[in-house]
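The next block holds one structure in the form of structure tokens; read it before the comments.
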Amino acid sequence: MNIKPEQKPVLETNADLIVLGLFDEKTQKDASYKAIDSALNKSISNYVLKVEQFKPKFLSSYVLPTLGKINTPKILIMGLGEKEKFTSDKLRQVSMSVASKIKAFKNVGSVSVVIPQSVGADEAQCITEGFILGQYCFDKYKSEKQKNILKTVLVHTEDVKSAKKGIAKGELLANATKFARNLSNEPAQYATPTKLAEIAQSLPNITTEVLDKAACKKQGMGAFLAVGQGSDQPPKFIHMTYKPTKKASKKIAIIGKGITFDSGGYDIKPPASMLNMKDDMSGAAAVLGIMSVISALSPNIEVHAIIAACENMLNGSSYKPGDVLTAKNGKTIEVDNTDAEGRLTLADALCFAEELKVDEIVDVATLTGACLVALGHYASGIMGNDDNLIAEIQQASEKAGEAFWKLPIWETHMDSLKSDIADMKNTGSRYGGASVAGAFLKNFVSSTKWVHLDVAGTAYLESPYKGFIKGGTGIAVRTLLEYITK
Ligand code: BES
Ligand code: MG
Ligand code: ZN
């Protein structure tokens, strides 16, 4: 899909479809609207709005044939809702909705997009992200593939230079998201720890180091290795580095939970809960998506991306409830439940990240069912040891249109993790489970600013939501890229 800015008046372009954004009735119509409406003998104002009583509520739509009065055969009128309540995320959602509607249209190879407000870099970025995200499908394993006939999107603007910039950024962010969605949607038989390592090694302008089991043992990663020890798939600890050409203004680490399949281990999951557990590497997928475009975005920040990848399986060598593990920082953990494996892998990854002497650490993890219960697919949990960093990431998430809701980590959340024989257990109270998991992780960060994103409810959708189809969403990719490039 080729997305480009267009300065010419909309009636002088020859797209197969005009997408015309419209605010609610009270708002004065702009020049493009008036030009189109008058070329159509006022059929929008007199017929669509009056006779048909079309209300331009947010995400409502109306298809109007133009019957030869203008070059473009039809117009897709998109409701934008109230002007005062319109946001860049709404623009992204409208664009997603258009892209998904167009899948059903025959013969629409090009569209002209006209909205009743000026289009600068941010607006162009949102439109671009919306079109790419809205067209997404995962048909790799289908005999019949989705036909993408939409080839050209013209974004009407008076500021071509800014729009170009926004489109370029939007393409990178949306493609990174797509990269992550694809990986989350891949079955565990494909997306193994070895595969994730290979993908990391193939990324442009990134140096990647992969630690195998023996190397992890030398590093003292007893918690991570325990989780993977019951699988035929060898664990891989993946460390990718992006370095800017100039001296970096700061160093950050992003960690993605990389359980390529979570059966629960011996505290095995019931079938319904195990069904989508190929998605338990969505944090890793996000981190890989980010690293796939980072050099093209060229932020002046050194970025370390870390994935402790393994499978949580059952066999004669699996770790067991009651085992005592020693993490990289020397702390001991009594295994209370082998299904609380993500935090064990993250424990060693956090220690590794801190040893890199980074300024900030952010981890992304499908960590707790409790977070899914608390926030649903509506928002991810955000918590950590630094309120400023949490606020900064929340700010970036607003721009990305991804919701992160702050949850506490208090001393009291550690109470239920007390062990009789080790420094802590890996599980405690089921209630407030997302915060309890956060409290567990906090033991593996000593002084670095750290934020934990629990994306258990948002990384993989059971049914469509806000323009995203069922399956992987690539959650956190755009938020973290906005944060890194701000
Ligand atoms: N991968 C799961 C969390 C999860 C649940 C992700 C639902 C996506 C959707 C995690 O490893 C897990 O099993 N957590 C347990 C922890 C419990 C044993 C304390 C859970 O949440 O049930
Ligand atoms: Mg689990
Ligand atoms: Zn898990």
Side-chain angles (χ1 to χ4, degrees), residues 188 191-193 213 216-217 220-237 255-284 307-328 331-351 363 365-373 413-414 416-434 436-441 443-444 452 454 456:
T192 60
K213 193 172 163 183
C216 293
K217 209 169 201 166
M221 297 179 176
F224 165 52
L225 287 177
V227 175
Q229 76 192 26
S231 168
D232 289 346
Q233 293 294 337
K236 301 285 172 190
F237 190 95
I255 301 174
K257 173 174 169 181
I259 300 296
T260 59
F261 188 73
D262 183 10
S263 69
Y266 272 96
D267 286 331
I268 190 164
K269 286 182 185 295
S273 309
M274 205 189 293
L275 197 57
N276 288 331
M277 279 302 136
K278 64 173 187 181
D279 78 340
D280 214 15
M281 37 58 76
S282 296
I307 301 167
C310 67
E311 260 187 353
N312 188 19
M313 299 292 276
L314 304 87
N315 70 11
S317 317
S318 296
Y319 78 134
K320 296 172 278 287
D323 284 356
V324 176
L325 319 175
T326 307
K328 187 165 162 54
K331 293 196 181 169
T332 56
I333 306 157
E334 181 187 4
V335 177
D336 188 61
N337 189 320
T338 62
D339 199 9
E341 83 300 333
R343 61 195 75 181
L344 296 172
T345 63
L346 291 173
D348 283 334
L350 288 165
C351 296
D363 77 73
T366 46
L367 204 62
T368 65
C371 193
L372 170 63
V373 170
H413 287 119
M414 269 310 286
S416 63
L417 292 173
K418 283 203 181 96
S419 162
D420 294 334
I421 62 165
D423 296 337
M424 69 197 90
K425 296 190 295 182
N426 73 331
T427 60
S429 163
R430 268 160 40 81
Y431 302 117
V436 173
F440 176 88
L441 295 178
N443 289 285
F444 303 92
H452 160 57
D454 193 334

Self-check item: Full working for salt bridge (charged side-chain N to carboxylate O under 4.0 Å, His left out) between Asp280 and Lys257
Solution: CA-CA 7 Å; Asp280 214 15; Lys257 173 174 169 181; 3.1 Å; yes

Quiz item: For His452, which residues count as a ring-ring contact (aromatic ring centres under 6.0 Å, His included) partner, sequence neighbours excluded?
Solution: none

Self-check item: Side-chain heavy atoms of Leu367 within contact of Leu346, under 4.5 Å
Solution: yes

Quiz item: If you take all heavy atoms of Gly316 and Tyr266, which pair is closest and at what distance?
Solution: N-OH, 4.4 Å

Quiz item: So do the side chains of Gln233 and Pro193 get within less than 4.5 Å of each other, counting heavy atoms only?
Solution: yes

Quiz prompt | Euclidean distance, Leu314 CG relative to Lys320 NZ, rounded to 0.5 Å | solution = 11.5 Å

Quiz prompt | salt bridge (charged side-chain N to carboxylate O under 4.0 Å, His left out) involving Asp267 - partner list, sequence neighbours excluded | solution = none

Quiz item: Are a donor atom and an acceptor atom from the side chains of Asn312 and Ser263 found within less than 3.5 Å of each other?
Solution: no

Self-check item: 4.5 Å side-chain heavy-atom contact, Leu225 and Lys213
Solution: yes

Quiz item: For Pro321, which of Asn426, Thr338, Asp339, Asp336 qualifies under side chain to side chain contact (heavy atoms under 4.5 Å, CB included)?
Solution: Thr338

Quiz prompt | Glu311 (side chain) donor-acceptor with Thr260 (main chain) under 3.5 angstrom | solution = no

Self-check item: Minimum side-chain heavy-atom gap Ile259-Met277 below 4.5 Å
Solution: no

Practice problem: Evaluate the criterion side-chain contact (heavy atoms from CB on, under 4.5 Å) for residue pair Arg343 and Thr427; output intermediate values, then yes/no. | Solution: CA-CA 9 Å; Arg343 61 195 75 181; Thr427 60; 4.0 Å; yes

Quiz item: Are any non-hydrogen side-chain atoms of Glu341 and Tyr319 less than 4.5 angstrom apart?
Solution: yes

Quiz prompt | Check: Asp232 and Met313 side chains under 4.5 Å, non-hydrogen atoms | solution = no

Self-check item: Ser282 side-chain N/O to Asp279 backbone N/O, donor-acceptor pair under 3.5 Å
Solution: yes

Quiz item: So does Lys217 have more than 12 non-hydrogen atoms from other groups sitting under 6.0 Å from NZ?
Solution: no

Practice problem: Determine yes or no for a side-chain-to-main-chain donor-acceptor pair under 3.5 angstrom, with Asp348 supplying the side chain and Lys328 the backbone. | Solution: yes

Practice problem: Indicate the atoms forming the closest heavy-atom contact of Ala309 with Phe224, along with that distance. | Solution: O-CZ, 3.5 Å

Quiz prompt | Side-chain touch Tyr431/Val436, heavy atoms, less than 4.5 angstrom | solution = no

